[in-house]
2 protein chains.
Amino acid sequence: MANKIADLNRYIAKKGLKVTRQREAVAEVFFAEKGHISAEELYMKVAKSHPGIGLTTVYRTLKLLTEAGLAKERRFGEPQGVYEKEDEDRHHDHLICTRCGKIVEFKEPSIEEMQEDVARRYGFVVTDHKMELYGLCRTCSTA
Amino acid sequence: MANKIADLNRYIAKKGLKVTRQREAVAEVFFAEKGHISAEELYMKVAKSHPGIGLTTVYRTLKLLTEAGLAKERRFGEPQGVYEKEDEDRHHDHLICTRCGKIVEFKEPSIEEMQEDVARRYGFVVTDHKMELYGLCRTCSTA
DNA sequence: TATAAAATGACAACGGTTATCATTTTCAGG
DNA sequence: CCTGAAAATGATAACCGTTGTCATTTTATA
């Protein structure tokens with residue numbers, strides 16, 4: 001967490017940019033998040049501890065975090081993007097409940113292998129992937 | 001193709017809606033398409049043979065086609081949505097070249113099985129899924 | 001053919017995101 | 001420490017894809 005901030009500052013230094021209170025505030029709240037968060041949501045959470053920080057700055061910081069490889073933007077069907085932490089433990093996929101909106105992350109290494117396999121057959125070199133399963137979670141399917 | 005139009009008209013009748021020249025024109029161009037097309041692109045193609053048809057009508061027709069189960073909206077990371085034909089041969093996935101933008105469709109039944117399996121472990125009932133592999137196509141990776 | 005219901009097209013409005021720009025802040029170098 | 005150039009900020013306007021509005025036209029049923 002503190003090291004995440006350090007990672008960000010290292011990236012900032014490397015790019016000749018500047019460390020600011022606002023960036024640290026946004027990054028801090030972002031890294032404290034568990035799952036996925038939209039720019040708007042993050043903006044409102046940040047506002048609680050650091051009022052005055054603009055939505056624009058939140059967007060800019062999220063873009064910076066993404067460039068630094070510390071965040072990843074996702075889009076689950078809707079036009080609104082959400083961001084998640086990009087940690088060492090990457091390449092997870094998502095189960096999305098279409099009724100309550102719950103999102104569960106999972107990993108399945110054997111699927112990865114199969115993906116590589118398929119890609120090879122079509123002459124592709126895979127650099128990234130996205131897999132989303134839509135359906136009903138336990139609660140919603142039994143209710 | 002003609003039967004696609006027939007399908008659409010059947011859906012229109014069932015819903016108590018009305019068959020119009022505009023809808024047929026949009027549907028015709030849409031069904032003649034090979035891969036994925038955005039509303040804007042479709043609008044421009046339609047304009048060639050049927051000038052005067054508005055972008056709004058194209059959007060409305062695409063929505064209608066989607067409701068009828070004849071089209072499917074997709075979003076490949078970008079905010080702009082694209083539409084593809086939804087044929088009997090559904091549940092295919094996508095390989096997307098991040099350099100040239102080429103999109104290849106593929107099917108891999110064994111991946112489907114695995115998806116079911118994963119979902120079951122998390123108590124989910126899967127109704128739909130999306131899998132996208134991003135990378136470089138043969139041309140782009142060798143160039 | 002008259003009529004009610006629905007579709008159209010032009011345009012405004014919307015939501016999420018990005019650009020603009022004057023002002024403030026950071027951080028070298030002296 | 002200062003000073004100054006480069007960059008960041010926040011307010012706001014603009015943007016883009018998409019949807020709503022509404023007066024007018026078209027469809028299809030009686």
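No hydrogens, no waters, no symmetry mates; every other heavy atom, side chains included, goes into these values.
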Q: Short of 4.0 Å, heavy atom to strand atom, which residues of residues 32-51 of chain A count as contacting DNA chain C?
A: none
Q: Are A:Glu33 and A:Lys45 close enough for a salt bridge, meaning some N to O gap below 4.0 Å?
A: yes
Q: Rest of the hydrophobic cluster containing B:Val125 (Ile/Leu/Val/Met/Phe/Trp/Tyr, side-chain heavy atoms under 4.5 Å)?
A: none
Q: Return a single string for nucleotides 18-30 of chain C, one symbol per nucleotide in 5' to 3' order, where B is base contact, S is sugar-phosphate-only contact and - is none, cutoff 4.0 angstrom on heavy atoms.
A: BBB----SBS---
Q: From CD of B:Glu24 over to P of D:dT26, roughly how many Å is that when rounded to an integer?
A: 16 Å
Q: For the pair made of CG in A:Asn9 and C1' in D:dA8, what is the distance, rounded to whole Å?
A: 14 Å
Q: Taking atom P of D:dA8 as reference, at what distance in whole Å does atom NZ of A:Lys15 sit?
A: 12 Å
Q: Identify, with sequence neighbours excluded, every residue that meets side-chain contact (heavy atoms from CB on, under 4.5 Å) alongside B:Thr57.
A: B:Gln22, B:Ile53, B:Arg60, B:Thr61
Q: Tell me every residue that passes salt bridge (Lys or Arg N to Asp or Glu O under 4.0 Å) with A:Glu105, counting only those two or more places apart in sequence or in another chain.
A: none
Q: Kindly compute the distance separating CD (A:Glu41) from OH (A:Tyr83), expressed to the nearest 0.5 Å.
A: 12.0 Å
Q: If you look only at pairs with a residue in residues 39-70 of chain B, which of them pass as a ring pair (Phe, Tyr, Trp, His ring centres under 6.0 Å), with sequence neighbours excluded?
A: none
Q: Return the value, rounded to whole Å, for the distance between atom CD of B:Glu67 and atom P of C:dA7.
A: 11 Å
Q: Can you name the residues that form a side-chain contact (heavy atoms from CB on, under 4.5 Å) with A:Lys72, not counting sequence neighbours?
A: A:Arg74, A:Glu84, A:Glu86, A:Asp128
Q: Give the angle between the helix axes at the two ends of the helix from C:dT1-D:dA30 to C:dG30-D:dC1, taking five base pairs at each end and rounding to 10°.
A: 20°
Q: Please state how far atom OH in B:Tyr11 lies from atom P in C:dA7, giving the value in whole angstrom units.
A: 11 Å
Q: Taking ring-ring contact (aromatic ring centres under 6.0 Å, His included) as the definition, give me every residue that meets it alongside B:Phe76, ordered by chain and number, with sequence neighbours left out.
A: B:His36, B:His94
Q: Write down the distance between CG (B:Leu8) and C1' (C:dA7), rounded to a whole number of angstrom.
A: 14 Å
Q: Starting at atom CZ of B:Arg75, determine the distance to atom P of C:dT17, rounded to an integer number of angstrom.
A: 11 Å
Q: Given atom CD of B:Glu78 and atom P of C:dT17, what is their separation to the nearest angstrom?
A: 14 Å
Q: Can you name the salt bridge (Lys or Arg N to Asp or Glu O under 4.0 Å) partners of A:Asp7, sequence neighbours left out?
A: A:Arg10
Q: Is A:Phe106 isolated, or which residues cluster with it under the ILVMFWY side-chain rule of less than 4.5 Å, directly or via members?
A: A:Leu95, A:Val104, A:Ile111, A:Met114, A:Val118, A:Tyr122, A:Phe124, A:Val126, A:Met131, A:Leu133, B:Leu95, B:Val104, B:Phe106, B:Ile111, B:Met114, B:Val118, B:Tyr122, B:Phe124, B:Val126, B:Met131, B:Leu133
Q: Mind checking salt bridge (Lys or Arg N to Asp or Glu O under 4.0 Å) for B:Glu132 and listing every partner two or more places apart, or none if nothing turns up?
A: A:Lys130
